[in-house]
Every structure is written in C-alpha cells, then in structure tokens.
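So you know, we letter chains A, B, ... as the sequences are listed, proteins then strands, and number each from 1.
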2 protein chains.
Amino acid sequence: MSKNINFDKIAHQPAYRVVSEKIRNAILSGEIKTGELLPTETDLAKQFGVTRSTIREAIRLLEHGGILGRADRKRLVVTLPETDAVGRSVSSALLMHQVTYEELWQVAMGLEPLASKLACTTATKQDKQLLAENLVLTRDVMNDHDALLAAEIEFHNLLANATHNSALLLARAPLNELFYPVAWGEIIRALSPGERILVAHQHIYAAICDNNPDKAEEWMKKHMEDFRRGIEMGNLGFDQPVPVAP
Amino acid sequence: MSKNINFDKIAHQPAYRVVSEKIRNAILSGEIKTGELLPTETDLAKQFGVTRSTIREAIRLLEHGGILGRADRKRLVVTLPETDAVGRSVSSALLMHQVTYEELWQVAMGLEPLASKLACTTATKQDKQLLAENLVLTRDVMNDHDALLAAEIEFHNLLANATHNSALLLARAPLNELFYPVAWGEIIRALSPGERILVAHQHIYAAICDNNPDKAEEWMKKHMEDFRRGIEMGNLGFDQPVPVAP
DNA sequence: ATTGACATATTGTCCGACAATAAGTCAATA
DNA sequence: TATTGACTTATTGTCGGACAATATGTCAAT
C-alpha cells in the first residue's frame with residue numbers, strides 16, 4: 001500500500017441548490033420577513049448572476065417546504081409554513097416506508113393525551129368555544145358517516161391547536177393526514193361508534209374547562225384505546241401498512 | 001341582491017405542478033419502485049408533452065421532499081426519504097414559527113419516554129449492541145464537550161431507531177435537528193452534567209436489556225426533567241425561541 | 001489489471017422568445 | 001357615484017434550442 005494523501009471530497013453543488021440555500025437563509029434569518037414579497041425572478045436572476053431558469057428551479061425547491069407561497073397566484077411571498085404543507089412531505093415519506101396503523105397509533109398515543117393535558121392550561125376562551133361548537137356539530141351528524149368523521153378529526157385538531165405549541169402541531173401532522181382519515185373512516189363505517197366518540201370528547205372538553213389535566217389525559221387515553229380496538233375489530237389489520245389514498 | 005349562480009373555483013394548476021403530482025403518484029403507488037432510476041429528463045418531457053424546463057421544475061419540487069435523490073449525482077433515483085431529509089423542512093417551519101425550547105421539550109416529553117418503552121420490546125441484538133457501544137463512547141469522551149454532545153444525541157437516535165417505528169422517527173426529527181444540538185450544547189458547556197447523563201443512559205439501557213418498559217420510561221422521564229432543569233439553569237430561557245443556526 | 005483514447009448519454013446552465021394573467025390608469029357611461 | 005371597458009405594464013408560465021461538464025461504456029495498448 002502506497003502512502004496516501006487524503007483529500008476531502010469536493011462539494012460541488014449545482015447552482016440552483018446554492019441559490020436555494022441562500023434564499024432559505026435569508027428567510028430564516030429574517031432578512032426577508034414573513035409576508036414580504038420575494039423579488040421578481042428577473043431581479044433575483046440579476047442579483048445572483050444566473051439565469052431565470054436557475055432561479056426558478058431554486059424557488060421550486062423551497063416552494064415545496066411551504067416557506068414560499070403565492071399572494072395572488074402570481075408573485076411569491078414568504079409565508080409561515082402551515083402544518084398541512086409540511087405534513088404532506090411527511091406523509092409521502094411515511095407511505096413510502098409502508099408505515100402501519102400500529103406505528104401511527106403508537107405516536108398518537110404519545111401525542112394526543114399530551115395535547116389534552118397541555119390544552120388544559122393553554123386553551124383560550126375562543127379555543128373552548130370552538131370545541132364546544134364542535135361537540136354540538138358532532139351530536140348533530142351522528143348518523144352521517146362522512147360528516148361524523150370530519151367532525152371527529154376536527155375535534156382533535158382544535159384540541160391540538162389549543163395547545164398553541166407549533167412543534168406539537170407539526171409532529172402530529174401525519175396523524176391528521178394518514179391516520180384519522182383512513183383508520184377512523186373504516187372504523188366509523190364498520191362499527192358506528194358515534195356514541196362512544198361523543199362521550200369521550202365531552203369528557204375531554206369538560207376536563208379542559210375544569211382545568212383538570214389528569215382527567216383530560218386519562219380520557220384521551222381511553223379514547224385512543226377505543227380507537228385501537230376499532231382498528232382491530234374492523235377489517236383492517238393493526239399491523240398492516242396504511243394504504244395509499246387513490 | 002340578484003340571484004346568483006355559484007360556480008366552483010376553477011383549479012388551474014401550472015404544468016410543473018401537474019407533472020410533479022403525476023410523478024409523485026407514480027412513486028407512491030409503487031408504479032416506479034424504490035431504487036429505480038427515473039426516466040431521463042428528455043424522456044419525461046416527451047412523455048408528458050412539455051419542455052425539459054418544465055420537467056426540471058417538477059422534479060425540483062419533489063427533490064426537496066426526499067423521495068427523489070441521485071444515484072451518482074447524475075441520474076435521479078426514487079429513494080426512501082430519510083428522516084433528516086424530511087426533518088429539514090420541518091425544522092425550517094418550526095424556526096419560522098419561532099418555536100421555543102419549552103414547546104420542543106414538551107414534544108420530547110411525549111415522544112422520548114414512549115420510545116424508551118417501545119424499544120424494550122422491539123430492540124434487536126444489534127440495536128442493543130450499538131447502544132452498549134455508545135455508552136462506552138460516552139464514558140470515554142466525558143470531558144470533551146463537543147464529543148459528549150454528539151454521543152448524547154446519538155444515544156437518543158439509537159434508541160429511537162430501536163423502536164423500528166418510522167412514524168416515531170419522523171415525528172421526533174425536529175428534536176434531533178433543533179432541540180438537542182442547540183439546547184444540550186448550551187447545557188453541557190455551561191453545567192458539564194456528564195455524569196448525570198451517563199447514569200440515566202445506563203439505566204435506560206439496562207431497562208431495555210431487562211425488558212422492563214416501565215423502568216425504561218421512568219428513567220427517560222427523569223432524564224428529560226434533568227434536561228429541562230439544565231435549560232432553566234443555563235443562560236437560555238425556557239420560553240425563548242430557538243435561535244436560527246448560523 | 002491498469003491505463004488511455006474516444007464516442008455517447010445525461011444533466012446543468014444559458015439565452016431569447018412569447019402567451020397568459022394581475023394590477024394600474026383613465027376615460028366612457030348608466 | 002359606481003360600474004364598465006379599453007389600454008398599458010409587470011410578472012410569471014412555458015417553449016425551444018444551444019452548449020459545457022460530467023458519467024458511462026467500449027476498445028485497444030500496455
């Protein structure tokens with residue numbers, strides 16, 4: 001073996017990546033603030049000294065992450081990434097990993113009771129108001145499978161929002177997009193557990209109004225256990241991969 | 001008020017989006033399998049009947065989500081999105097939302113004890129082996145702040161990997177990228193709590209080997225509480241936004 | 001088995017062009 | 001006054017073609 005000199009790998013990044021990183025940094029560092037318009041493509045091209053095509057590719061790279069959106073479907077603005085924007089990347093990833101109902105349920109079991117607990121101390125009047133309205137709605141649509149599913153999902157969302165914890169919101173995004181729609185959809189259709197759902201929601205809501213974190217957490221755990229039983233009893237296997245939506 | 005006819009909003013998507021969605025669906029539905037090469041840009045352009053520029057923009061859109069990577073830095077391949085690929089989108093989002101240490105800690109408190117518990121029943125011999133090696137490493141670098149930080153982060157990663165739950169891995173991605181590096185970094189530098197870290201890790205490891213979920217969960221909770229105290233005692237406020245890395 | 005020379009395929013980048021569409025201005029009109 | 005219409009302008013979406021840089025493959029020479 002001859003004596004070797006070790007060179008570092010040279011890191012040649014294509015221009016569109018470099019530009020993308022620069023813009024990303026400018027946004028994250030607050031140099032361009034949320035809500036501000038991004039310079040026009042021709043401007044950017046001049047500034048960076050590259051062609052408009054390159055700029056466009058750089059922008060596409062960021063657009064998917066949700067930190068760029070469009071104000072009027074023409075000019076691009078810097079936007080606060082909403083949970084569902086980011087959530088879709090995560091969902092794709094999970095689907096490709098063939099995530100199972102069980103895996104998602106385990107995460108839900110970690111996050112949803114936590115959300116219930118936290119919401120007790122963080123929920124504003126308006127949060128509670130929205131939850132209350134959701135309860136009424138749920139009762140009203142008890143026999144409409146689709147509407148019931150939507151209301152159920154909304155309840156969990158409202159609850160999560162009431163924590164005002166953006167990290168929690170993002171962490172549970174895949175539950176919203178993959179878990180509840182698919183799994184609850186099947187369960188509700190197969191077992192019609194509308195009453196049990198409503199009772200659990202009511203207890204959680206009451207606990208939040210009473211500022212009783214332990215009770216809120218407990219009832220959410222029960223709720224999620226119901227959920228698991230539903231999956232097991234329904235015709236979808238608990239350890240089966242979540243199917244790709246058509 | 002005149003009688004109105006309500007038309008649905010027409011959903012005119014730019015071509016690069018449509019193409020991007022089509023490719024995405026082909027990937028998610030398994031039409032193109034993981035590891036396969038994507039057709040060349042010129043091919044795709046012909047197939048979709050658009051220009052290569054359009055194809056390229058469509059591809060960039062997907063590239064960021066991590067479901068496309070490059071085999072040899074030329075041809076694109078369909079890849080399983082790794083946690084850190086997706087994690088970066090999430091991290092950007094959180095930084096823009098000015099997420100606080102407290103918010104991240106709350107999520108960590110929901111997920112890390114859960115991971116400990118699950119790992120007890122899912123960890124393979126190799127997982128345990130890796131954890132054991134990490135413990136040795138941790139002891140060895142006890143006085144090297146940077147190395148200690150790296151070892152600490154690696155421990156939590158190994159633990160999460162040992163659950164073999166991809167949903168959990170993705171949900172905790174932001175902890176890896178934002179929380180531990182920044183917060184632990186500061187804590188370790190300020191308080192040098194090397195011993196306490198090691199002791200906690202050892203107990204968790206022991207619990208996993210003994211197949212004792214409750215003990216594993218408990219010790220991880222203690223560990224995270226230490227963590228919180230560290231943040232509070234250090235000079236970083238618990239309720240302060242996590243700073244953007246330079 | 002390694003090297004070198006060569007042809008080929010594919011991506012990265014550039015340029016220039018034009019259509020489609022939002023936004024702004026201003027006059028005409030009911 | 002408020003709505004409509006015609007016009008201008010700025011900006012994005014899409015096209016087509018061009019060329020350089022780089023991997024890949026082949027074949028001969030050593």
Side-chain angles (χ1 to χ4, degrees), chain A residues 1-4 7-24 27 32 35-79, chain B residues 1-5 7-24 26-27 32 35-79:
Chain A
M1 171 95 79
S2 68
K3 202 162 88 176
N4 277 349
F7 290 108
D8 289 341
K9 272 189 188 146
I10 89 167
H12 176 55
Q13 295 278 56
Y16 63 83
R17 260 177 219 249
V18 180
V19 171
S20 156
E21 276 304 306
K22 296 242 182 202
I23 298 181
R24 181 186 140 110
I27 292 176
I32 316 178
E36 266 185 54
L37 287 174
L38 210 64
T40 64
E41 296 177 350
T42 355
D43 267 7
L44 288 172
K46 265 183 227 150
Q47 292 185 34
F48 284 108
V50 295
T51 337
R52 199 157 74 91
S53 324
T54 307
I55 294 289
R56 297 192 108 238
E57 295 190 33
I59 289 177
R60 293 306 154 256
L61 229 34
L62 298 176
E63 199 176 335
H64 199 253
I67 72 179
L68 287 181
R70 41 203 76 233
D72 44 25
R73 122 149 157 260
K74 201 123 207 182
R75 291 293 298 274
L76 279 174
V77 291
V78 179
T79 52
Chain B
M1 169 100 75
S2 68
K3 199 162 88 175
N4 277 348
I5 306 180
F7 290 108
D8 290 341
K9 271 188 188 147
I10 113 167
H12 176 54
Q13 295 278 53
Y16 62 84
R17 261 177 217 248
V18 180
V19 172
S20 156
E21 276 303 306
K22 295 242 182 203
I23 297 181
R24 182 186 139 111
I27 292 176
I32 316 178
E36 265 185 56
L37 286 174
L38 210 64
T40 65
E41 296 176 352
T42 1
D43 266 7
L44 288 172
K46 264 183 229 153
Q47 292 185 35
F48 283 109
V50 297
T51 338
R52 198 158 74 94
S53 325
T54 307
I55 293 290
R56 296 194 108 237
E57 294 190 34
I59 288 177
R60 294 303 154 259
L61 228 35
L62 298 177
E63 200 175 334
H64 199 252
I67 73 180
L68 287 182
R70 41 202 76 233
D72 43 27
R73 124 149 155 261
K74 200 123 207 186
R75 293 293 298 274
L76 279 173
V77 290
V78 179
T79 52

Legend entry - Side-chain heavy-atom pair A/Val18, A/Lys22 within 4.5 angstrom cut-off: yes
Legend entry - A/Leu76 and A/Ile59, any side-chain heavy atoms less than 4.5 Å apart: yes
Would you indicate what [X] reaches in the nucleic acid, counting non-hydrogen atoms under 4.0 angstrom: base, sugar-phosphate, or nothing?
X	value
A/Thr40	sugar-phosphate
B/Thr54	sugar-phosphate
B/Arg60	sugar-phosphate

From [atom1] of [X] over to [atom2] of [N], roughly how many Å is that when rounded to an integer?
X	N	atom1	atom2	answer
B/Arg17	D/dG13	CZ	P	8 Å
B/Gln13	C/dA20	CD	P	19 Å
B/Arg75	C/dT10	CZ	C1'	7 Å
A/Leu76	D/dT12	CG	P	7 Å
B/Ile55	D/dG13	CD1	P	16 Å
B/Glu57	C/dT11	CD	C1'	16 Å
A/Leu44	D/dG13	CG	C1'	16 Å
A/Arg56	C/dC15	CZ	C1'	15 Å

Inset, instruction - List the atom of B/Leu62, the atom of B/Ser20, and the distance in Å for their closest heavy-atom pair. - result: CD2-OG, 3.7 Å
Closest approach to the side chain of [X], judged atom by atom: which nucleotide of [options] is it?
X	options	result
A/Ser53	D/dT14, C/dC15, C/dG12	C/dC15
B/Ala15	C/dT13, D/dT11, D/dT14	D/dT14
B/Pro14	C/dC14, C/dT13, D/dG13	D/dG13

Inset, instruction - Identify which one of A/Asp43, A/Leu44, A/Val77 satisfies the side chain to side chain contact (heavy atoms under 4.5 Å, CB included) criterion when paired with A/Leu38. - result: A/Leu44
Inset, instruction - Hey, which sits more toward the 5' end of DNA chain C by its nearest nucleotide, B/Glu41 or A/Gly49? - result: B/Glu41
Legend entry - Candidates B/Arg52, B/Arg75, B/Lys46 - the one meeting side chain to side chain donor-acceptor pair (under 3.5 Å) with B/Glu41: B/Arg52
Inset, instruction - Test for a donor-acceptor pair under 3.5 Å between the base of C/dT13 and the side chain of A/Arg52, counting only N and O atoms. - result: no
Legend entry - Any B/Arg70 side-chain nitrogen or oxygen under 4.0 Å from OP1 or OP2 of C/dG12: yes
Legend entry - Distance test, side-chain N/O of B/Tyr16 to OP1/OP2 of D/dT14, below 4.0 Å: no
